[in-house]
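To start, the structure itself, in structure tokens.
Because the structure is a prediction, the values reported are computed rather than measured.
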Amino acid sequence: MSQVIGQLSESLSNTPNVASFTLIHTGSWTEASGKSSMGIITQGLSTQFQSLDLVLTPQNALQLLQLGCSFPNLSHLRFSLAKGRGTANIQQKAIEAAVNFIERASSTLESLAILSPEEPNDFGQFLHRLPLFYRLKNYEVCPNTFTNSSTILDFLQRNSDTITKIIYSTGTGPHFRQGLSQLEMKHLARLTMRLSYIPNTPWWTLSCPFFTSISSTLKVLHFEGATTNQELFSLLDNLDALEELRAAMKTLSIDAIVEVAKRAPTLRRLDLRIHDVIVTGMYPISVDDSFPYTTVSSAMPCSSSSLTRRSPNRQASLNKPTPTLSETSPPTSCLRHPGNFKT
């Protein structure tokens with residue numbers, strides 16, 4: 001380990017223009033090796049790093065972050081607390097060390113993601129203790145990091161003066177049913193919603209403070225998760241200034257494209273993908289036989305826990321003025337409430 005650290009340290013010292021660094025360490029290490037690892041990214045290089053991606057266990061985070069290292073120009077941070085063997089006390093101390101570490105960058109951070117990649121962790125106190133960020137523009141919501149939606153909503157609300165982009169990923173717990181509906185943002189321009197399941201009455205189809213607050217500011221919406229045509233239309237009815245839309249629809253037809261255009265006349269870019277109601281583990285192999293003449297009213301919601309929605313390798317891209325149909329990339333999947341689901 002010490003030999004590897006030495007070689008890496010020497011290599012970095014010869015690359016003075018490196019601005020981004022990723023450290024993934026989920027194994028065990030000694031206190032000495034922990035200090036050496038952080039020494040790699042602090043020795044003469046900390047002032048130039050603008051982006052850090054740290055994936056650590058509580059034990060490693062505790063050793064690493066308590067060293068008091070600082071990155072005066074850090075603007076992008078992804079911090080992941082992976083599974084470890086430590087006690088609850090070690091976990092708490094690791095969170096305290098992480099809070100102090102992030103707090104030192106509160107005046108420079110523009111993008112922040114706090115993640116728990118392997119298993120759920122309640123980082124409610126973590127989020128509550130974070131300071132106000134003066135330049136924070138982007139925040140990624142990880143579903144494994146809280147058990148009470150009020151903690152993440154409070155954090156986002158406190159920083160609503162500066163945040164312009166949110167990536168919102170959901171889980172299947174009850175605290176996701178209301179989503180971001182009670183949040184009020186001031187300058188949100190980009191929103192990505194990654195939905196692992198959809199409740200019977202999706203919160204984004206209802207009138208709520210969130211969409212009222214962003215109706216005139218949201219320019220880009222990426223909707224990653226299957227939705228019925230009517231759900232998507234209801235969502236668009238709440239947005240007045242949308243310029244880019246990416247979404248998956250139950251039935252893609254000329255009628256559906258016309259309805260989207262009516263509800264979002266300010267669109268400059270439209271990316272619609274087709275999904276279908278099929279047996280778990282299977283993918284549609286072709287566009288609906290009735291394309292492009294299927295009517296909007298034919299959209300059928302999925303209500304059975306034995307079904308999942310997956311978008312096939314089809315996509316309709318509309319870049320004004322001519323709609324086209326072409327092949328596209330990976331399928332997305334989504335589960336619809338009720339029931340406990342596994343993918």
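In this structure the side chain of L130 never reaches within 4.5 angstrom of the side chain of N159, judged on heavy atoms. For the pair M185 and T217, the minimum side-chain heavy-atom distance is 4.5 Å or more. Within the 4.5 Å cutoff, the side chain of L180 has no heavy atoms near those of the W204 side chain. Counting heavy atoms from C-beta on, the side chains of T164 and N138 come closer than 4.5 Å. For the pair F79 and L115, the minimum side-chain heavy-atom distance is 4.5 Å or more. With a 4.5 Å cut-off on side-chain heavy atoms, R269 and V220 do not count as touching. Residues L236 and L245 meet the side-chain proximity criterion, which asks for heavy atoms closer than 4.5 Å. Side-chain contact between L188 and F210 is present, with at least one heavy-atom pair separated by less than 4.5 Å.
The cluster map of Ile, Leu, Val, Met, Phe, Trp and Tyr, joined by side-chain heavy atoms under 4.5 Å apart, puts F155 and I167 in different clusters.
Checked options L183, L221, I166, L239; the residue passing with I214 is L239 (criterion: side chain to side chain contact (heavy atoms under 4.5 Å, CB included)).
In plain terms, the two heavy atoms of A94 and A61 that are nearest each other are CB-CB, 4.3 Å. In this structure, Q91 and L81 approach most closely via the heavy-atom pair NE2-CD2, 4.0 Å. Here the closest heavy-atom approach between residue V99 and residue R129 is recorded as CG1-O, 4.0 Å. When all heavy atoms are compared, the tightest approach of P131 to E103 is CG-CG, 3.8 Å. When all heavy atoms of S215 and N238 are compared, the closest pair comes out as CB-O, 3.3 Å. H187 and D161 make their closest contact through CD2-O, 3.0 Å (heavy atoms, listed as atom of the first residue, atom of the second, distance).
In this structure, OG in S106 is found 8.5 Å from CG in L132, a value given to the nearest 0.5 Å. Taken from OG1 in T57 to CG in L62, the straight-line distance is 9.5 Å, to the nearest 0.5 Å. Rounded to the nearest 0.5 angstrom, N73 CG and S51 OG are separated by 12.5 Å. Atom CG of L112 sits about 15.0 Å away from atom NZ of K137, to the nearest 0.5 Å. In this structure, T192 OG1 and K165 NZ are separated by 6.0 Å, a value rounded to the nearest 0.5 Å. Between the CZ atom of F176 and the OH atom of Y168 there is a distance of 6.0 Å, given to the nearest 0.5 Å.
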> What do the steps show when you test F101 against L52 for side-chain contact (heavy atoms from CB on, under 4.5 Å), and what is the final call?
Replying inline: CA-CA 12 Å; F101 174 74; L52 279 179; 4.1 Å; yes
> Is there a side-chain contact (heavy atoms from CB on, under 4.5 Å) between L65 and N100 once you walk through the steps?
Replying inline: CA-CA 8 Å; L65 302 181; N100 293 333; over 6 Å; no
> Going through the checks in order, is the side-chain contact (heavy atoms from CB on, under 4.5 Å) test met by L156 and V141?
Replying inline: CA-CA 10 Å; L156 293 172; V141 178; 4.2 Å; yes
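A donor-acceptor pair is defined here as one N or O able to donate and one able to accept, closer than 3.5 Å; no such pair exists between the side chain of S116 and the backbone of T145. Checked by atom type and distance alone, the side chain of T162 pairs as donor or acceptor with a backbone atom of L136 at under 3.5 Å. Remark: the backbone N or O of R194 is not paired with any side-chain donor or acceptor of S169 at under 3.5 angstrom. In terms of modelled atom types and a separation under 3.5 Å, the side chain of Q157 and the main chain of E184 share a donor-acceptor contact.
With respect to E140 and R78, a salt bridge is recorded, a charged nitrogen being found less than 4.0 Å from a carboxylate O.
Atom NZ of K219 is surrounded by more than 12 heavy atoms from other residues, nucleotides or ligands within 6.0 Å.
Taking the six-membered ring where the residue is Trp, the centroids of Y139 and F133 are separated by 6.0 Å or more.
Between the side chains of N148 and T151, not a single donor N or O lies within less than 3.5 Å of an accepting N or O.
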